[in-house]
J.: 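Please find one structure pasted underneath; my questions will follow.
In listed order, ligands and their atoms are each counted from 1.
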Amino acid sequence: MAIAKLADNRYGKSLVRIVRVTKHEDHHDLDEWTVQILLTGDMETAHTEGDNSKILPTDTMKNTCYFVASESKATSIEEYAKALIDYVLTRQSHITSAEVIVKSHLWKRLTVDGKPYPTAFMRGSEEVATTRVVRQQGGEFEVVSGLDGLFVLKTTQSSFVGYIKDHLTTLPETTDRLFGTVVKAEWTYTDDVNIAGFDFNATRELIRETMVQTFAKHESLSVQQTLFQMGEDALAATDTIESVYMLMPNKHNLLIDLKRFGLENPNHIFVPTDEPHGTIEATIVRA
Ligand SMILES: O=c1[nH]c(=O)c2[nH]c(=O)[nH]c2[nH]1
C-alpha cells in the first residue's frame, strides 16, 4: 500500500518579464510587466506516475504570456491577467483554476523642452502596480489590485508617545520624528469590477493619490493610526473597493548624537537604517 498521496499542488511560470510598446500615431506607450502564472488541475498521475499527458509545459505558459500581451488589447494589468486566464482556461478544460500575478514597473515619460516627449522614458522608482487575478473553471474572476514599493517619508507631524514602558524600554517618547515607510497596499473590489470597461488604472491612481495625500497631511500619533487613516480615506474615495490591506514598515531614521561635537541636533542629521524595522500591517474594511 502506498504511504503517501498527493495533496494540494499547482505549477506554473514565474518572473516572466515583458516590455510592451504600444505605438500610437503621435506617441508610444511603454509597459514593463513581471508575470507569474499558476495552474491547478488534475495532475495526480503526473506526480505519482510521471505521466505528463496533462501537463501544459511551463515553457508554453511563458509563451502564452507573450502571446496574450501581444494579442489582447488590455490597457491595465488586471485586464491582461484576465485575458491570460481566459486563454488558458478555455483551451485546457482539465485545468480547474488559474492564478495570474502581474507587477507593473514604473516608467515615466521624459520631459524635453518642457513638454512630455512622445517616445522616451525614464525608470521611475522601485514602485510597482500589482494585481492578483484568480478564476475557477466556469467561475467568476476574483481580482485584487494594489501597489508596492511606494517609499514615502515625512519630516514632521509624527509622534509616538504613551506606549507600554517596562524595564526593557529604551525608546524615548517623541512628539517630532521622521516617519519613513514603504507602502504596500492591496484592495478587493465590490461586484462593479466584473462590469466590462471598469477602469482599474483610474481606480488605482485615485487610491494611490488619496493615500499619499493622507500620509503627507496626517498628524500621526503612530504608524498604526496613519495606516488606518490612509485605508479609511481610500475606502471613502471610491465605493468600488471593499477592503484594503496595508503593510507599512517603519523605516527608522536614528537621530545622531551631535553633542559629542558640541552641536545641537534639532531633528537635522539622521542615519537611515533598514534593519531591523518595525512591521505594521492591517486590513481595513467598511464598517
Ligand atoms: O508608530 C510606531 N508604532 C509602533 O508600534 C512603534 N514601536 C516602536 O518602537 N516605534 C513605533 N512607532
J.: Does ligand 1 have any N/O pairs with the protein under 3.5 Å, and how far apart?
T.:
{"unit_1": "ligand 1", "atom_1": "1 (O)", "unit_2": "Arg177", "atom_2": "NH2", "d": "2.8"}
{"unit_1": "ligand 1", "atom_1": "1 (O)", "unit_2": "Val223", "atom_2": "N", "d": "2.7"}
{"unit_1": "ligand 1", "atom_1": "3 (N)", "unit_2": "Gln224", "atom_2": "OE1", "d": "2.9"}
{"unit_1": "ligand 1", "atom_1": "5 (O)", "unit_2": "Gln224", "atom_2": "NE2", "d": "3.0"}
{"unit_1": "ligand 1", "atom_1": "12 (N)", "unit_2": "Arg177", "atom_2": "NH1", "d": "3.1"}
{"unit_1": "ligand 1", "atom_1": "12 (N)", "unit_2": "Asn250", "atom_2": "ND2", "d": "3.4"}

J.: How long is the span from the CD atom in Glu126 to the CG atom in Leu150, to the nearest 0.5 Å?
T.: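 If we round to the nearest 0.5 Å, Glu126:CD and Leu150:CG are 12.5 Å apart.
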
J.: What distance separates Thr40 OG1 from Glu99 CD, expressed to the nearest 0.5 Å?
T.: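 These two atoms lie 8.0 Å from each other.
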
J.: Distance-only criterion, 3.5 Å: show the donor-acceptor pairs between side-chain atoms of residues 268-276 and protein atoms not counting sequence neighbours.
T.:
{"unit_1": "Thr273", "atom_1": "OG1", "unit_2": "His252", "atom_2": "O", "d": "3.1"}

J.: Excluding sequence neighbours, so at least two apart, what forms ring-ring contact (aromatic ring centres under 6.0 Å, His included) with Phe228?
T.: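 Partners of Phe228 under the ring-ring contact (aromatic ring centres under 6.0 Å, His included) test: none.
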
J.: Between Glu142 and Arg132, is the closest basic N to carboxylate O distance under 4.0 Å?
T.: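 Answer for the salt bridge query: no.
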
J.: Under 3.5 Å, which donor-acceptor pairs link side chains of residues 241-249 to any protein atom two or more places apart or in another chain?
T.:
{"unit_1": "Ser243", "atom_1": "OG", "unit_2": "Thr188", "atom_2": "OG1", "d": "2.8"}
{"unit_1": "Tyr245", "atom_1": "OH", "unit_2": "Glu281", "atom_2": "OE1", "d": "2.5"}

